[in-house]
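Working notes, beginning with the structure itself.
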Amino acid sequence: MERITSIRGFRDILPGESEKWQFVEEKAREIFGAYGVREIRIPILEKTDLFRRGIGETTDVVEKEMYTFVDRGEESLTLRPEATASVIRAYIEHNFFETDPVTKLFTIGPMFRRERPQKGRYRQFHQINVEMLGYEDPRIDGELISMLMLFLSELGIGDLDLEINSLGCADCRPVFREEVVRFLDHREESLCPDCRRRLQTNPLRVFDCKVETCREAVREAPVILDSICAGCRDHFEKVKELLDALAVPFRVNPRMVRGLDYYKRTAFEVIGHSLGSQNAVAGGGRYDGLVQELGGPDIPGIGFAIGFERLVSMLPGDETSFSSKPSLYIATLGTAAETFAFRLLHDLRKTGLQAETDYSGKSLKAQMKRAGRSGAPYVLIVGENELAEGAVVLRNMGAGTQEKVAISELHAKLKEIFHAR
RNA sequence: GUGGGUGUAGCUCAAAGGUUAGAGUGCCGGGUUGUGGCCCCGGAGGCUGUGGGUUCAAGUCCCAUCACUCACCCCA
């Protein structure tokens with residue numbers, strides 16, 4: 001029979017890696033909990049218009065990366081390419097703002113973008129998202145960013161750079177945008193084809209183009225931090241002061257722009273140097289105006305997304321530090337021993353002990369070999385003779401010692417060794 | 001969407017165009033050992049990604065296609 005494989009860009013998270021995912025999720029709940037950030041679980045399918053309006057019609061994500069289809073001739077649906085729009089949709093739909101002036105939410109789950117896969121980039125990938133809604137005060141910016149950095153450092157991840165910038169607001173960004181367009185129009189000759197296109201669609205993106213001639217052209221261009229309005233400048237200065245006050249190291253990158261339209265004012269990115277080309281492990285920013293844009297009241301917000309796969313790939317420690325081994329292996333000889341072992345396994349597992357045995361009728365020697373290779377620290381040997389004596393043999397594989405344990409005392413003995421329930 | 005690299009045993013990889021495609025590891029069985037990881041012996045496991053072409057002869061060269069992978073692009 002021909003084999004059916006997984007879809008391009010979609011991958012399986014196998015045992016060995018899935019334990020790392022659990023570790024990260026537990027840590028997220030622990031740290032976010034201290035900041036009063038509560039979990040929200042949202043659908044992975046939404047109406048296409050949510051993303052068109054939320055992310056922006058002319059963004060690459062909306063223009064050419066979404067998995068969009070018509071649902072049985074009814075309406076256009078899209079597998080979510082990011083989470084913020086969905087979280088805001090739920091926030092508005094359930095009227096959070098009526099009961100809670102401040103709402104802090106996180107969600108973890110798969111996102112879908114139809115890009116060409118490469119290292120750290122898959123068509124189904126996963127994000128941890130945090131959104132904090134209701135405060136315009138820069139202290140919430142400081143809280144969110146420092147929480148992110150704390151989370152990353154608690155996971156033991158080093159070699160990270162935090163970059164921040166201000167993108168201006170609805171008042172000053174359009175002005176700056178015009179300035180940039182005027183400036184670049186004179187230099188269109190020296191821009192790469194991509195950037196000529198960007199000039200029409202998203203001129204600010206020319207700033208982080210990697211083509212040398214474009215970098216030249218932009219060198220003398222107006223800088224957004226010089227052009228933003230007094231309110232935005234003040235906000236940005238405060239954010240920097242707050243990060244300094246918490247001793248969170250950062251670097252201002254005036255060329256950083258974001259690919260999603262909703263970002264305003266504070267924008268930030270965490271760069272992981274071991275990641276290769278796709279080196280952003282987390283990114284986010286303020287999105288004042290988005291709630292209103294999606295039909296809610298005028299409530300400010302800020303959030304970030306962490307790339308789960310990229311995060312896991314940066315986790316310290318090898319596979320073995322996350323792998324699971326049985327605590328006890330039961331080797332049997334004869335039918336009566338097999339029956340005894342089957343019931344014993346059930347009882348031990350009820351107490352939370354990870355125990356294993358063999359059902360294929362292998363020789364005792366083969367079972368001992370398998371026990372040795374499984375890495376189980378203890379092996380229980382149950383034979384006909386042992387059962388007749390009313391005592392089984394417990395071997396300590398590490399110490400190379402063994403002792404006879406009366407069956408009547410077996411449970412107590414194992415509880416003592418493994419601290420089981 | 002555009003480029004580059006790679007496709008051989010479950011996994012990691014060999015095999016100047018020339019017999020029956022090999023090794024390590026893993027798996028199964030046996031031997032040795034204080035009933036155990038080490039060591040020794042044996043076994044199973046392959047349409048060499050797929051389809052064409054060149055040649056007396058193709059895993060090897062050419063074309064196409066698919067997959068994986070890295071980079072551009074984009075983003076987390």
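Every chain is numbered from 1, with letters handed out A, B, ... down the list of sequences.
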note: Asn279(A), atom CG; C73(B), atom P; distance rounded to Å ~ 12 Å
Between the base of C66(B) and the side chain of Arg8(A), is one N or O donor paired with an acceptor at under 3.5 angstrom?
no
| said: Over all strands shown, is Arg258(A) touching base, sugar-phosphate only, or nothing at heavy-atom distances under 4.0 angstrom? | reply: sugar-phosphate
Taking atom P in both G10(B) and G1(B), what distance in whole Å separates the two? 32 Å
Above 12 or not: heavy atoms from other molecules or residues under 6.0 Å from CZ of Arg38(A)? no
When rounded to whole Å, the CZ to C1' distance for the pair Arg11(A) and A67(B) reads 17 Å
**Report entry** Separation between the C1' atoms of C11(B) and G7(B), rounded to whole Å
**Finding:** 15 Å
Ordered by number, residues from residues 115-124 of chain A within less than 4.0 Å of RNA chain B (heavy atoms) are Glu115(A), Arg116(A), Gln118(A), Lys119(A), Gly120(A), Arg121(A)
* No-hydrogen, no-angle side-chain donor-acceptor test under 3.5 Å, Thr84(A) and Glu131(A) -> yes
Comparing Ile306(A) with Leu275(A), nearest RNA chain B nucleotide closer to 5' gives the residue Leu275(A)
Interatomic distance, CG@Leu105(A) vs CG@Asn129(A), rounded to 0.5 Å, equals 11.0 Å
Looking only at side chains, do Tyr135(A) and Glu143(A) share a donor and an acceptor under 3.5 Å apart?
no
Using the rule given for salt bridge (Lys or Arg N to Asp or Glu O under 4.0 Å), can you reason through Arg251(A) versus Glu163(A), listing the C-alpha separation, both sets of side-chain angles and the distance that settles it, and then say yes or no? CA-CA 5 Å; Arg251(A) 196 168 66 82; Glu163(A) 296 190 346; 2.3 Å; yes
When rounded to whole Å, the CG to P distance for the pair Leu333(A) and G36(B) reads 13 Å
dist Ile128(A):CD1 -> Glu25(A):CD (nearest 0.5 Å) comes out at 7.0 Å
Taken in chain and number order and not counting sequence neighbours, the residues that satisfy side chain to side chain contact (heavy atoms under 4.5 Å, CB included) with Glu178(A) are Arg182(A)
From CD1 of Ile55(A) across to C1' of C75(B) the rounded distance in Å is 11 Å
Query raised in the report: Distance only, no hydrogens: is a donor on one side chain within 3.5 Å (strictly under) of an acceptor on the other, for Trp21(A) and Glu17(A)?
Result: yes
- Message: Mind checking if Met397(A) touches a base, just sugar-phosphate, or nothing, with heavy atoms under 4.0 Å?
- Response: base
CZ of Phe69(A): more than 12 outside heavy atoms within 6.0 angstrom? yes
Q. Side chains of Ser327(A) and Gln354(A): donor-acceptor distance under 3.5 Å anywhere?
A. no
Distance-only polar pair, side chains of Thr59(A) and Asp261(A), donor-acceptor under 3.5 Å = no
Taken to the nearest whole Å, CG/Asp358(A) to P/G36(B) is 15 Å
Taking the side chain from Arg349(A) and the backbone from Ala355(A), do they hold a donor-acceptor pair closer than 3.5 Å? yes
- Determine the interatomic distance between C1' on U50(B) and the same-named atom on A58(B); round to the nearest Å. 16 Å
Distances under 3.5 Å between nitrogen or oxygen atoms of protein and nucleotides 43-49 of chain B:
none

*asked:* Can you confirm if the NZ or CZ of Arg11(A) lies within 45° of the ring axis of Tyr122(A) and under 6.0 Å from the centre of its six-membered ring?
replied: yes
*Gln278(A) near the nucleic acid: base, sugar-phosphate alone, or nothing, with a heavy-atom cut-off under 4.0 Å?*
base
* To do: Using the C1' atom on both, measure C62(B) against C68(B) and round to a whole Å.
  => 23 Å
So Ala282(A), base contact, sugar-phosphate only, or nothing? Heavy-atom distance under 4.0 Å. sugar-phosphate
Using the P atoms only, state how far G36(B) lies from G30(B), rounded to an integer number of Å.
12 Å
Are side-chain heavy atoms of Leu315(A) and Phe23(A) found at a separation under 4.5 Å? yes
Any stem touching RNA chain B, meaning at least three consecutive Watson-Crick or G-U pairs under 3.5 Å, ordered by first number, would be B:1-7 with B:66-72, B:10-13 with B:22-25, B:27-31 with B:39-43, B:49-53 with B:61-65
* Asked: Stacking here means centres under 5.5 Å and planes under 30°; does Phe308(A) stack on A76(B)?
  -> no
Note to self: Using a heavy-atom cut-off of 4.0 Å across all strands, would you classify Phe125(A) as base, sugar-phosphate, or nothing?
What the structure shows: base
A quick test of your reading: do over 12 heavy atoms of other residues, nucleotides or ligands sit less than 6.0 Å from NZ of Lys119(A)?
no
When rounded to whole Å, the CZ to P distance for the pair Arg395(A) and G34(B) reads 11 Å
Could you give the side-chain donor-acceptor pairs of residues 269-277 of chain A under 3.5 Å, partners two or more places apart or in another chain?
| residue | atom | partner | partner atom | Å |
| --- | --- | --- | --- | --- |
| Glu269(A) | OE2 | Arg258(A) | NH2 | 2.3 |
| His273(A) | NE2 | Asp161(A) | OD2 | 2.9 |

Rounding to the closest angstrom, what is the interatomic distance between G51(B) and G4(B) at atom C1'?
24 Å
query: What integer number of Å spans the P atoms of U25(B) and C61(B)?
result: 30 Å
To the nearest angstrom, the CG-C1' distance between Leu152(A) and A76(B) comes to 12 Å
Rounding to the closest angstrom, what is the interatomic distance between U33(B) and U69(B) at atom C1'? 46 Å
Applying a 4.0 Å non-hydrogen cut-off, can you work out what Glu386(A) is touching in the nucleic acid: base, sugar-phosphate, or nothing? base
Any side-chain N or O of Ser277(A) below 4.0 angstrom from OP1/OP2 of C70(B)?
no
Reading nucleotides 28-33 of chain B from 5' to 3' and marking B where a protein heavy atom lies under 4.0 Å of the base, S where only the sugar-phosphate is that close, and - otherwise, the string is SSBB-B
When rounded to whole Å, the CG to P distance for the pair Leu162(A) and A76(B) reads 15 Å
